[in-house]
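Bear in mind the structure is a predicted one, so any value in this text is a computation, not a measurement. Numbers here simply count residues along the sequence, with the first being 1.
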Amino acid sequence: MSDLINSVANRVQSSCNNIYFLNTTFFNVFYCFIRGIKLGNNNQFFGFAFFKRTVGSTIIIGDNCRFRSTATSNLIGVNHKCIIATHAPGASIKIGNGSGFSGTTIGAFCQITIGDNVKCGANTLITDSDWHADDARSAKPKAVFIDDNVWLGYGAIVMKGVTIGKNSVIGAGSVVTKDIPPNVVAAGNPCKVIKPL
């Protein structure tokens with residue numbers, strides 16, 4: 001009997017989630033449109049993502065991407081909504097097709113390019129800057145490039161000036177401060193290559 005009740009509860013929850021998903025997707029698509037963000041086709045939003053485009057900057061998102069911004073939209077746990085933001089005129093964020101983000105923050109002061117089919121695990125951060133341009137100890141922003149089919153594990157941080165090659169996997173909790181070649185598993189703080197794929 002408890003399995004039957006659980007099954008019915010799961011179906012009700014799924015129906016409610018689908019209605020919520022449709023509403024949040026519509027809102028996010030409209031919000032991107034009025035903010036001047038170029039959004040491709042068939043993107044999905046689970047919850048309300050936060051987008052900020054500084055005047056004179058660009059944010060371009062390809063087709064079939066997913067943005068998970070609610071605590072249970074990824075059952076490993078999402079601790080904040082997706083934040084996609086440019087912070088300076090001339091900055092750019094470009095995201096390819098089929099990529100997925102769960103509570104991911106992408107903050108660009110110059111350039112962040114993310115390829116196709118990139119998986120960003122829950123609560124990941126991708127940034128091209130030290131974030132304190134007014135502090136003399138802060139160096140200039142440097143572009144970040146993440147190639148196709150890269151997988152960033154839970155809580156991974158990708159810092160400025162980094163290129164991650166195709167098909168590579170970055171372990172959970174890693175801090176990527178130097179380039180990672182294609183087709184490897186890398187992890188740690190600082191992130192280092194562990195083995196080839």
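Distance check, rounded to the nearest 0.5 Å: CG of D128 to NZ of K142 gives 11.5 Å. Separating the OG atom in S69 from the CZ atom in F50 is a distance of 11.5 Å, to the nearest 0.5 Å. Taken to the nearest 0.5 Å, the CG atom of N43 stands 8.0 Å off from the SG atom of C32. Separation of atoms CG (L39) and SG (C65) is listed at 8.0 Å; rounding is to 0.5 Å. Interatomic distance, N117 CG to D147 CG, rounded to the nearest 0.5 Å: 11.0 Å. In this structure, the separation between CG on N42 and CZ on R66 is 11.0 Å, given to the nearest 0.5 Å.
At a threshold of 4.5 Å between non-hydrogen side-chain atoms, the residues N149 and K166 do not count as touching. Residues S168 and V184 have side chains in contact (heavy-atom distance under 4.5 Å, counting atoms from C-beta outward).
Across all non-hydrogen atoms, the minimal contact from A108 to A91 is O-CB, 3.7 Å. A pairwise comparison of heavy atoms in A187 and I194 identifies CB-CD1, 3.5 Å as the closest pair. Considering all non-hydrogen atoms of both residues, G40 and D63 come closest at CA-OD1, 3.2 Å. In this structure, S174 and G171 approach most closely via the heavy-atom pair OG-O, 2.8 Å. When all heavy atoms are compared, the tightest approach of R68 to V78 is O-CG1, 4.1 Å.
Residues satisfying the ring-ring contact (aromatic ring centres under 6.0 Å, His included) test with F109, not counting sequence neighbours, are H87, W131.
Between F101 and F67, the ring planes lie parallel to each other; the angle is under 30°, not in the 30° to 60° tilted range.
In this structure, the side chain of D148 does not engage the main chain of G115 through any donor-acceptor pair within 3.5 Å. Between the side chain of N123 and the main chain of N79, a donor-acceptor pair closer than 3.5 Å is present. A donor-acceptor distance shorter than 3.5 angstrom exists from the side chain of T54 to the backbone of T86, with no hydrogens or angles considered. Between the S99 side chain and the V118 main chain, a donor and an acceptor come within less than 3.5 Å of each other. Side-chain atoms of N28 come within 3.5 Å of backbone N or O of G47 as a donor-acceptor pair. With hydrogens and angles ignored, the 3.5 Å screen pairs no side-chain donor or acceptor of R53 with any backbone N or O of I37.
Tested against V158 for a side-chain contact (heavy atoms from CB on, under 4.5 Å), the candidates I106, L125, I164 yield a single pass: I164. The one candidate from I126, T127, V176, T113 that meets the side-chain contact (heavy atoms from CB on, under 4.5 Å) condition with V144 is I126.
Residues T104 and T124 have side chains that bring a donor and an acceptor to within less than 3.5 angstrom of each other. Side-chain atoms of N183 and N167 form a donor-acceptor pair, as typed in the model, at a separation below 3.5 Å.
Other residues, nucleotides and ligands contribute only 12 or fewer heavy atoms inside 6.0 Å of the NZ atom of K140.
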